[in-house]
Number of protein chains: 2
Amino acid sequence: MAIALRPSQALRLWQQVALHEVENGMPDLSTRQLSILLTIYLDPPPHTVRGLASRLNVSKPVITRALDTMGALELVSRRRDDADRRNVLIGRTVTGALFVERFGDVVIAKAKELPT
Amino acid sequence: MAIALRPSQALRLWQQVALHEVENGMPDLSTRQLSILLTIYLDPPPHTVRGLASRLNVSKPVITRALDTMGALELVSRRRDDADRRNVLIGRTVTGALFVERFGDVVIAKAKELPT
DNA sequence: CTAAATCGTTACGGGACCGTATCATTCAAT
DNA sequence: ATTGAATGATACGGTCCCGTAACGATTTAG
């Protein structure tokens, strides 16, 4: 079933989650980075630079740079595709899985606290 | 009443909203910037640099820089406090109000599309 | 009236990101 | 074998942001 949100609830939910992330010193990911990270963890693999770039309607260097940064944070991994060695397959990491899982828990918790 | 979200719904909602923002070329705000913007528009004024800094548990320059950037985007405004001219009062703008309102609509729309 | 405290901004060196253009590597087709 | 296309990374100049420290302006305290 679909989730029905009123405007004040939708915005308050986003604010509470964002505030929680900032207050707790989580990585200050941009909307782009977050969309890439969540796509990697939610959509079925394989994920490639070109695929993500066209999915998000951005250039390839944007994806490469985001992967550089999130790779340094160990949120995602990169490995060559043995079948076609031009491709880079983007994968999940333990750290990234924990981050995403925890993030989902924060959303759920803040949604539960929303006033009527 | 509280909103009950399952983990897959919570994460999928965030992904869909983030993807929508990126695809449509909206400003690529960081989590910090978003939390500041939403706090200005959702919490009762007055808002000051020091108040936001302590609310978010970050340093004052972080707030100043975020206000610089979002001010250039005309999402927020700054004016001196006549009562105490050390203070800067942070206010809303027409552009910012439209942005926030539209963002809320995106959240609501994506929540409505969530699979059960 | 002077000294301390407060507020927001700026300075600094360093890192991350931008868009565009170009690159090396790899594969596919002739 | 050679050409062409495709993939991801890199180079470039420029902008934004970081954390720390200092700063000017203003208010408050003694």
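As a basis for the values below, the full set of heavy atoms in this structure was taken, side chains included, without hydrogen atoms, waters or symmetry mates. The model shown is predicted, which means the values in this text are computed figures rather than measured ones. Throughout, protein chains are lettered first and strands after them, A, B, ... in sequence-line order, and every chain is numbered starting at 1.
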Nucleic acid footprint by protein, nucleotides 7-12 of chain C - heavy-atom cut-off 4.0 Å, B for base, S for sugar-phosphate alone: BBBB--

Could you tell me the separation between the [atom1] atom of [X] and the [atom2] atom of [N], rounded to a whole number of Å?
X	N	atom1	atom2	value
B:Arg32	C:dA16	CZ	C1'	13 Å
A:Leu52	D:dA9	CG	P	11 Å
A:Ile90	D:dG8	CD1	P	7 Å
A:Asp28	D:dC18	CG	P	7 Å
A:Asp81	C:dT25	CG	C1'	14 Å

Distance-only side-chain donor-acceptor flag, B:Gln15 / B:Arg12, under 3.5 Å: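 Yes - a donor-acceptor pair under 3.5 Å links their side chains.
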
No-hydrogen, no-angle side-chain donor-acceptor test under 3.5 Å, B:Thr48 and B:Arg50: yes

Under 4.0 angstrom between A:Arg85 side-chain N/O and C:dA28 OP1 or OP2: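 For C:dA28, neither OP1 nor OP2 has a side-chain N or O of A:Arg85 closer than 4.0 Å.
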
Test item: B:Arg78 side-chain N/O and B:Leu89 main-chain N/O as donor-acceptor pair under 3.5 Å: no

Ionic contact status for A:Glu21 with A:Arg102, cut-off 4.0 Å: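 Yes, A:Arg102 and A:Glu21 are salt-bridged.
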
A:Trp14 and B:Trp14 aromatic ring geometry - parallel, tilted or perpendicular at 30°/60° bounds: parallel

For the student: nearest non-hydrogen atoms of B:Thr31 and A:Ala18, plus distance: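 Here B:Thr31 and A:Ala18 meet closest at CG2-O, 3.8 Å.
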
Pair A:Leu38-B:Leu19, side-chain contact (heavy atoms from CB on, under 4.5 Å): steps then yes or no: CA-CA 9 Å; A:Leu38 290 175; B:Leu19 281 173; over 6 Å; no

B:Asn24 and B:His20: CA distance, side-chain angles, deciding distance, side-chain contact (heavy atoms from CB on, under 4.5 Å) verdict: CA-CA 6 Å; B:Asn24 289 83; B:His20 182 276; 3.6 Å; yes

Strand-adjacent residues in residues 33-44 of chain B, judged by heavy atoms under 4.0 Å from DNA chain C: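 Within this stretch, nothing sits under 4.0 Å of the strand.
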
